[in-house]
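What follows is one structure encoded as structure tokens, with my remarks underneath.
A note on names: the letters A, B, ... follow the listed sequences, proteins ahead of strands, and every chain is numbered from 1.
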Protein chains: 2
Amino acid sequence: MAMGRPREFDADAALDQAMEVFWRHGYEGATIAQLTEAMGINPPSLYAAFGNKEGLLKAALDRYTAKRAAWMEEVLSAPTARDVAERMLMGTADSQTDPDNPPGCLLVQGGLACGTGSENVPFELAARRALTEDQLRERFVRAKKEGDLKPSADAAALARYLSAVSAGMGVMASSGADREALRQVANVSVKVFEEQSAK
Amino acid sequence: MAMGRPREFDADAALDQAMEVFWRHGYEGATIAQLTEAMGINPPSLYAAFGNKEGLLKAALDRYTAKRAAWMEEVLSAPTARDVAERMLMGTADSQTDPDNPPGCLLVQGGLACGTGSENVPFELAARRALTEDQLRERFVRAKKEGDLKPSADAAALARYLSAVSAGMGVMASSGADREALRQVANVSVKVFEEQSAK
DNA sequence: CCATAAATGTAGTGTTCGCTACAGATGTGG
DNA sequence: CCACATCTGTAGCGAACACTACATTTATGG
């Protein structure tokens with residue numbers, strides 16, 4: 001049987017462009033016209049490849065998290081819980097103010113509240129934020145076993161705390177906070193882990 | 001000269017309803033149809049009273065911050081910086097999970113990223129978040145003068161930190177985090193202030 | 001070389017958006 | 001009681017939205 005005409009655009013390169021549009025304007029603020037122009041394709045190609053606007057968002061989110069996976073491994077491989085926190089928050093401060101990307105974090109900027117018909121977009125973003133929190137929690141459980149965090153430390157609470165701080169930094173970055181401001185927040189936040197460390 | 005027909009609806013009550021719609025759906029997700037229905041008026045009344053959708057948002061934000069002013073005074077009147085932080089974050093945890101309101105914080109939920117034509121909405125929200133941060137910073141400057149925070153403490157950084165944590169809690173609350181989860185974050189966050197207190 | 005399968009570009013579709021023209025209603029000042 | 005100013009409800013405006021029908025192009029399998 002015949003195989004059909006091959007696609008003329010690079011799906012990953014197009015997704016990178018779509019990711020940036022969603023990142024900068026949010027899910028509802030991004031229009032199909034903006035997306036297709038940034039991706040360098042026409043609407044029928046977009047719909048053939050990704051189904052609809054929400055499918056495109058999910059594909060862009062997959063690529064976003066895949067790109068961060070290596071960095072997250074680097075974070076989790078720090079020797080102590082305190083160092084994990086420091087790498088996590090300092091890296092967040094830097095990436096959220098990287099001029100090569102829109103400010104903030106796609107998983108926050110993408111959309112916290114949406115209109116009728118897009119109610120599950122916020123849940124989609126929240127689910128992906130939760131994955132990072134899970135990784136952190138497991139890392140802190142390990143830190144307790146290793147005697148790195150004191151026995152009374154609450155691994156889940158510390159993971160939630162880091163998740164909250166990085167989301168908060170995303171909010172600040174999206175409204176113009178510069179790298180120095182975010183690093184200040186990161187430095188203050190890390191102090192919690194020094195107090196929770198086994199002495 | 002004649003004074004014209006008086007308005008038949010209570011502007012403040014209508015603003016409370018509009019506030020809730022913006023809070024739940026965000027600026028772009030909220031439609032004029034939803035707003036007018038919640039407010040119990042027709043579009044011409046809305047436009048006569050508030051100019052346009054963005055004017056209505058600003059009026060709703062004014063009312064939001066006015067309602068919180070008394071609570072903020074209560075927070076700032078705490079005796080020590082540590083107690084200010086605790087009241088602030090615990091109060092935030094409770095109000096962001098109050099079943100009488102939509103989850104989260106209007107100043108975060110309202111819109112971090114917007115489409116073309118609404119670019120200044122995020123700035124509008126950020127400006128109002130900055131006011132709270134300013135109040136906290138001044139309170140911590142005072143705490144240093146009073147010897148309540150140690151001399152090396154950075155009042156601006158601590159205020160930014162509290163602002164970031166409460167924004168992060170807003171993100172979590174909007175995606176379903178319950179009151180207990182937010183209180184955990186608040187409890188962990190407050191520890192920073194114990195370490196920064198003059199002993 | 002032909003039949004088939006899939007992607008492409010043009011040019012729309014119907015719907016919903018924010019917003020308003022207009023006529024009638026309801027009050028105040030003289 | 002009248003002239004005027006403003007609010008109210010109905011109805012609908014143009015524009016922008018997500019999405020698609022269709023003819024064409026470009027590949028593969030036989």
In residues 185-193 of chain B, what donor-acceptor pairs under 3.5 Å come from side-chain atoms, sequence neighbours left out?
unit_1	atom_1	unit_2	atom_2	d
B:Asn187	ND2	B:Arg183	O	3.3
B:Ser189	OG	B:Val185	O	2.7

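- With sequence neighbours excluded, the residues that form a side chain to side chain contact (heavy atoms under 4.5 Å, CB included) with A:Lys58 are A:Glu54, A:Glu124, A:Arg128.
- B:Tyr27 pairs by the ring-ring contact (aromatic ring centres under 6.0 Å, His included) definition with B:Phe22, not counting sequence neighbours.
- Residues forming a side chain to side chain donor-acceptor pair (under 3.5 Å) with A:Arg7 (at least two apart in sequence, or on another chain): none.
- For A:Arg5 and C:dT8, a side-chain-to-base donor-acceptor distance below 3.5 Å is absent, hydrogens and geometry of angles not being considered.
- For B:Tyr47, the ring-ring contact (aromatic ring centres under 6.0 Å, His included) criterion is met by no residue, not counting sequence neighbours.
- As a whole-Å value, the separation of A:Leu57 CG from D:dA18 P is 13 Å.
- Near DNA chain D, meaning a heavy atom under 4.0 Å from it, residues 21-55 of chain A has A:Ala30, A:Thr31, A:Ile32, A:Pro43, A:Pro44, A:Tyr47, A:Asn52, A:Lys53 in order of number.
- The stretch residues 112-127 of chain B has no heavy atom under 4.0 angstrom from DNA chain C at all.
- Residues that satisfy the salt bridge (Lys or Arg N to Asp or Glu O under 4.0 Å) test with A:Glu133, not counting sequence neighbours, are absent from this structure.
- Under the rule for a salt bridge (Lys or Arg N to Asp or Glu O under 4.0 Å), the partners of B:Lys67 that lie at least two apart in sequence or sit in another chain are B:Asp16.
- Summarising the local packing, CZ of A:Phe9 is surrounded by more than 12 heavy atoms from other residues, nucleotides or ligands at distances under 6.0 Å.
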